[in-house]
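Read the structure below first, then the notes.
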Amino acid sequence: MSAPYNHSEVEHKWQKIWDDNKAFAATNDYSKPKYYALVEFPYPSGQGLHVGHPRPYTALDIVARKRRMQGYNVLYPMGWDAFGLPTENYAIKNKIHPRVVTENNVKRFKEQLHALGYSFDWEREVNTTDPNYYKWTQWIFLKLFNAGLAYKKEMPINWCTSCKVGLANEEVVNGVCERCGSEVVRKIKSEWMLKITEYADKLIEGLEDVDYIERVKVSQKNWIGRSEGAEVDFKLSGKEESLRVYTTRPDTLFGATYMVISPEHPYIDQFKDELKNYDEIMAYREMASKKSDFERTELAKDKTGVLLDGITAINPVNGKEIPIWISDYVLMSYGTGAIMAVPAHDDRDWEFAKKFNLPMIQVVAKEGEEVDINEAAFTDVATGVMINSDFLTGLDVTSAKEKIKDFLEEKKIGNRKVNFKLRDWVFSRQRYWGEPIPIVECEKCGFVALPESELPLELPEVDSYMPTDNGESPLAAMTDWVNTTCPCCGGPAKRETDTMPQWAGSSWYFLRYTDPDNKDALASKEALEYWMPVDWYNGGMEHTTLHLLYSRFWHKFLYDEKVVPCPEPYQKRTSHGMILGENGEKMSKSRGNVVNPDDIVREYGADTLRTYEMFIGAFDLSASWSENGVKGCRRFLDRVWKLQDILVDGDGYSSDLETLMHQTIKKVSADFESLKYNTAIAAMMSLINEFYKKGSVTRGEFGTLLTLLNPVAPHITEELWAVNGYSGYIYESTWPAYDEAKTVEDTVDIAVQLNGKTKTVLKLAKDISKDDALAAGKAALEGKISGTIIKEIYVPGRIINIVAK
RNA sequence: GCUGGUGUGGCGGAAUAGGCAGACGCGCAGGACUUAAAAUCCUGUGGUGGCGACAUCGUGCCGGUUCGACCCCGGCCACCAGCACCA
C-alpha cells in the first residue's frame, strides 16, 4: 500500500525544487520557437488573493506548462499593477506610506500565488510603482507629447465627490464612480488628454487581424462607435451664418421639420440680441448644466426643450423655413452639437415632436405595407423606400443616402463625415499614488517636456497624501518640488502636479516582461522582435473597453514610432467567467459568501483548488462555488494517487486500453487549446475509472496519465513521477503523442433505428460494407418491421436507419 | 431600445460535422467494511407505466425542413452581460 496523499508535504517539496532549479525561467535562446502566455497582472489589494484570481492563472498555466513539454521557450510572467486609489486611501486612513502598503500587499500576493504552484517566471517580475519601471511609462508619455497626442484642455470632467478625483468617462458607471459608488458631478478643470480618437479607425481595423473572442471584438467596436453620415449646412434666415448639423440619415432631409441645438451651443451667445426669450433659454441652459450625465439619462423618457424665438433656419433642399429649439437630448460633445430633426423617422425626434406638437413629414415608406407615423417613427432602413423627396423619391434608403451625399458635396452645402463615440482619454488624476507627469510649465515656453536624461521623475515624499477639496493633487503643496527651472530657457517654471491614471502602467507592461532590467530602453529590439506579440492573453471582460483599448492604442502608437515590431500587442484574447458564491451571488463580505483560497489550499491542497477551478464549468461563463465540488476533485486526485497500488510493469499500453489511451491524449490535447478544461479533466476521470475497473495500470499508461494531468495538478504528478521511478522531472518531460489511426476501435457500436427511433445497438467491424451493415441491421430488427421498407440508411461508424411504411 | 450570449435531470454541466441525449462530477438511495461514525469501496439513479426483457414521453414555447433535430430555418418567451438621447 502506498503512503497516504499528504498534499501539504508534496506541494511544499516541489515548490522548493522548482524555485531552486529556476524551472520556469524563460531563456534568451532566441533560436527556439517561443510562446508568450499572459494573464492580467493583479492589483495587489489589501484583501489578498480572491478565488477568482486562480481561474485565469491556472488556465494559462496549463497552456504554458503544456507548451514547455512541447519544446517551446515559454514566457509566462507575473507582476504588479500597484498604483491606485485603494492603496492610497488605505495609506491615508492608517497613516502608512503607500509604498509600504504596496510592499506588504505584494509580499502577501506573491506568497499566495507561490502556494498555488504557478510556473511564472519570477525572474521577470515587474512593478508599475518601481521608478525603474515608471521611467518608461513617463518616457512613453513624452513620446506621445512630442507627437502632439498629449495636450492640456479646460474641460468639464467627471468629478468623484468622494475620491476627490477626476474620472475618465470609462470609469463612470451609471452616473456613479466605478470604484467607490459615490456621486459623480461635472467640474471644469484643466486636464491632460491623450488623443486616442486619432487611432479610432486603426483600433477598429486592427481587430480583423487578431483572434479575439467575439464578444470582446463587439464590445470594442461598440465603444469606439464609428458611424458614417454627413454634415449639412442650414442657412439661418436673413443671415450669413449657417447651422451645421451631423446626421446619419441625410436621405431624410426632405422630412426635417425643425432643428435642435445643444444647450451649450455657441450660437446662443452669438445671437443673444435676436432672441426674444433669451431669459427663458438661459434658465433652461442653467438647469441642464446642473444635471449630471446620469440625470440626463434618467430623465430621457421625458423630453424637455425651449424654442429659440427669433431665429429660424432654411432647409437647403427645399427652401422651407423651420424653427430651432434647444434641448439637452442633443449633446455638445458629439457631432456638431446640432441636429436636424426628422420626427417621422427618428424615435427621439418623434417623442420631442409629439410633446411640443411639431409637424411631421413622412419621407420613407415601406414597400407594400402601410406605415402610420402617428403611431411611431418608421426607422427601418432595410425595407424603406423614399417618398415626398423630389429627386430621391422611389429610391431605396441606401441608394438615397449616396445620392444625397453626392448632391450635398456638389452644391457645397455639406459633406460626407465619419464620427466616433470614442472621446479622448482624460489622463490627469489629482492624486499622489501615481506616475508624475514629466512636464513643466514655463511662463515663456509654455508646456515643456523634461529631457529623457531626467527620467524617472520620482514621486517626492509628501507630508500628506490627502486629496484637496479645491481639486489639486497633494503634490501641489510641495512648493520645493513644484518650483523648478525650464529645461528649455532656464527661466522659472512649475512642475505638473497631476499624476497619471492607473491605466498608464498597465498599457505597456507586457513589453517590459520581455527584457525587464533594461536600463537603456523599455526593452531591447531583439527581445521585442523575438517575444512579441503576446500569443495568448487572458483577462476579465471588465477590462475590454478600458485596459484592452488603451493598451492597444499605446502599442499602435509605439509601432508607428518604430519602438515595437508589430501593430497589435495580443494575437489571441480570451476571457474567463466570474466565480460566484455558493448561493449564486457575487462574492462579497457583506453577503458573507467569500471563499478564501488559503483555506482551500490548506485543507485540500493547491492541486485540488486548481483542478476544481478548471472543472467548475465552461471557462467563459460564470460559475457558482461548491464545497462539495471541491471535495469531488480531491477524491479524483486521491484516486490518481492510489493508482500506485495497482501499477504493473509494461512501458506500453495494454491492448484493451490502447484505443482509450490514444483517444484521451487526443481529447486532452485539443481541449487544453480551446478553453475546454472541464471536459479534459472529465476525460482523465473516465480514464482512471477504466484502470480501476480493470484492476491494473501499466507504467506506460500511468506515465501518460501523469503527463496529461501535470499542467492541471503539477505537484502531485511530479511526486508520483519521482516516487515511481520515472526519469528526470515531469516538467521537463515530453507531451504525449497519439496515433490518429489508433483512436478508433476495430469494432464500433452502431445504433440501429427503425423510422428514426433507436431500437438496439450492434457491434460491427469499423470497415464493414454497406450491404453487410444493412443486412445486420435488418436482422436485428427481425419481427419489428411492419409494412414495406422504403429507405435504408447507413452512416459508417454511426447509424443504421430502416424506414418502413 | 440596440448588440452579443445562454436556456438540457434534484444540482454543476457533456454531446467532433444533423446520427445512441444526459459523458464526468455533485447530491440522493441501497449495500460492503466498522461496536459506531467519518473516510473508502460496490450497485443504482431523467419522468411515467410494467415483476420483467420492454413500452412511452423528454433538451424554454409554437411551427417547419429531414429517414433522423439539443444542433438547421421561421416566429415567440425568459434570463445573463455590454452599450445606451451618439442624431
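Small disclaimer: the values here were computed from a predicted structure and weren't measured. Convention: sequence-line order gives letters A, B, ...; per-chain numbering from 1.
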Taking B/G49 as the reference, what is the distance to B/A39 when you measure between their C1' atoms (whole Å, please)?
40 Å
Report the distance from atom CE of A/Met541 to atom C1' of B/U6, rounded to the nearest whole Å.
14 Å
Using the C1' atoms only, state how far B/G27 lies from B/G12, rounded to an integer number of Å.
11 Å
Which base, if any, makes a Watson-Crick or G-U wobble pair with B/G12, both distances under 3.5 Å?
B/C24
So among A/Leu392, A/Thr252, A/Val381, which one has a side chain to side chain contact (heavy atoms under 4.5 Å, CB included) with A/Val397?
A/Val381
Reckon A/Asn628 has a side-chain N or O less than 4.0 Å from the OP1 or OP2 of B/G27?
yes
When you measure from the side chain of A/Thr758, which nucleotide among B/U3, B/A23, B/C20 comes out closest?
B/C20
Can you tell me the distance, in whole Å, between the CD atom of A/Gln753 and the P atom of B/G68?
10 Å
A/Ile799 has an atom CD1; how far is it from atom P of B/A17, in whole Å?
17 Å
Rounded interatomic separation in angstrom, taking CG from A/Leu754 and P from B/A55:
11 Å
Report the base-pairing partner of B/C61 (Watson-Crick or G-U wobble, both distances below 3.5 angstrom), or none.
B/G75
Who pairs with B/C2 - Watson-Crick or G-U, where each distance is under 3.5 Å:
B/G82
In whole angstroms, how far is the C1' atom of B/G4 from the OH atom of A/Tyr212?
18 Å
Across the strands shown, which category fits A/Asp749 at heavy-atom distances under 4.0 angstrom: base, sugar-phosphate, nothing?
base
Selection from B/A15, B/G19, B/C24 that lies nearest to any side-chain heavy atom of A/Met685:
B/C24
Using a cut-off of strictly less than 4.0 Å, decide whether A/Ser622 has a side-chain nitrogen or oxygen near OP1 or OP2 of B/A81.
no
B/G64 to B/C28 separation - P atoms, rounded to the nearest Å
44 Å
Are any of A/Arg635's side-chain N or O atoms less than 4.0 Å away from OP1 or OP2 of B/U40?
yes
By nearest atom, which of the nucleotides B/A15, B/G19, B/C20 is closest to the A/Thr679 side chain?
B/A15
Is it true that A/Phe619 and A/Tyr677 have ring centroids separated by less than 6.0 Å?
yes
Tell me the partner of B/A32, counting only Watson-Crick (N1-N3 plus N6-O4 or O6-N4) or G-U wobble (N1-O2 and O6-N3) with both under 3.5 Å; none if nothing fits.
B/U40
Does B/G49 pair with anything, Watson-Crick or G-U wobble, both distances under 3.5 Å, and if so, with which nucleotide?
B/C54
5'-most by nearest nucleotide on RNA chain B - A/Gly629 or A/Ala618:
A/Ala618
For A/Cys633 and A/Asp638, take the nucleotide of RNA chain B holding the closest heavy atom to each; which residue's nucleotide lies nearer the 5' end?
A/Cys633
Any side-chain to backbone donor/acceptor pair from A/Gln220 onto A/Thr544? Under 3.5 Å, distance only.
yes
What is the nucleic acid contact for A/Ser227, judged by heavy atoms within less than 4.0 Å: base, sugar-phosphate only, or nothing?
sugar-phosphate
Quick one about A/Tyr246 and A/Ser227 (side-chain donor to acceptor, distance below 3.5 Å, no hydrogens or angles considered), yes or no?
yes
For nucleotides B/G25 and B/G74, find the distance between their P atoms and express it as a whole number of Å.
39 Å
Starting at CH2 of A/Trp625 and ending at P of B/C26, how long is that distance when rounded to a whole Å?
15 Å
Examine A/Arg639 relative to A/Tyr692 and say whether NZ or CZ is less than 6.0 Å from the centre of the six-membered ring and inside a 45° cone about the ring axis.
yes
Between B/C76 and B/G4, how far apart are the two P atoms, rounded to whole Å?
16 Å
Do the two ring centres, one from A/Tyr258 and one from A/Phe356, sit under 6.0 Å apart?
no
Side chains of A/Glu40 and A/His543: is there a donor and an acceptor less than 3.5 Å apart?
yes
Which of these nucleotides, B/U3, B/A87, B/A14, is closest to any side-chain atom of A/Val218?
B/U3
Are any of A/Asn689's side-chain N or O atoms less than 4.0 Å away from OP1 or OP2 of B/G25?
yes
Expressed in whole Å, how much space separates the C1' atoms belonging to B/G22 and B/C57?
15 Å
Atom-to-atom span, CD of A/Glu231 to P of B/A87 - whole angstrom:
13 Å
Decide, for B/G25, between syn and anti: a glycosidic angle within 90° of 0 counts as syn, anything else as anti.
anti
A/Asp346, nearest nucleotide to its side chain (from B/A14, B/C85, B/A87)
B/A87
Hey, does A/Ile681 reach any base, or is it just sugar-phosphate, or nothing, if we go heavy atoms under 4.0 Å?
nothing
Within 45° cone of A/Tyr5 ring axis and under 6.0 Å: A/Lys642 NZ or CZ
no
Determine the contact category for A/Gly225: base if any of its heavy atoms lies under 4.0 Å from a base atom, sugar-phosphate if only primed atoms, P, OP1 or OP2 are that close, otherwise nothing.
nothing
Please determine if a side-chain N or O atom of A/Tyr329 lies less than 4.0 Å away from the OP1 or OP2 oxygen of B/A87.
no
At under 4.0 Å, does any side-chain N or O of A/Lys676 touch on OP1 or OP2 of B/A15?
yes
Identify which nucleotide among B/C24, B/U3, B/C67 has an atom closest to any side-chain atom of A/Ala682, counting heavy atoms from C-beta outward.
B/C24
Across every strand shown, the nucleotide meeting Watson-Crick or G-U wobble geometry with B/G18 (both distances under 3.5 Å) is none
Determine, step by step, whether A/Tyr612 and A/Asp607 satisfy the side chain to side chain donor-acceptor pair (under 3.5 Å) criterion, reporting the C-alpha distance in whole Å, the side-chain angles of both residues, the deciding distance to 0.1 Å, and the verdict.
CA-CA 8 Å; A/Tyr612 173 64; A/Asp607 282 338; over 6 Å; no
For atom NE2 of A/His576 and atom P of B/G5, their distance in whole Å
20 Å
Verify the contact: side-chain N or O of A/Arg639 to OP1 or OP2 of B/U40, cut-off strictly under 4.0 Å; return yes or no.
no
What's the closest nucleotide to the side chain of A/Ser686 if the choices are B/A87, B/A23, B/G82?
B/A23
Suppose you measure atom C1' in B/G46 against the same atom in B/A23; what distance do you get, rounded to whole Å?
15 Å
Nearest-Å distance once atom C1' is located in both B/C85 and B/C24:
50 Å
Donor/acceptor link under 3.5 angstrom from A/Lys303 side chain onto base of B/C85:
yes
Would you say a side-chain N or O of A/Asn222 is under 4.0 Å from OP1 or OP2 of B/A84?
no
Which base sits across from B/C70 as a Watson-Crick or G-U pair, both distances under 3.5 Å?
none
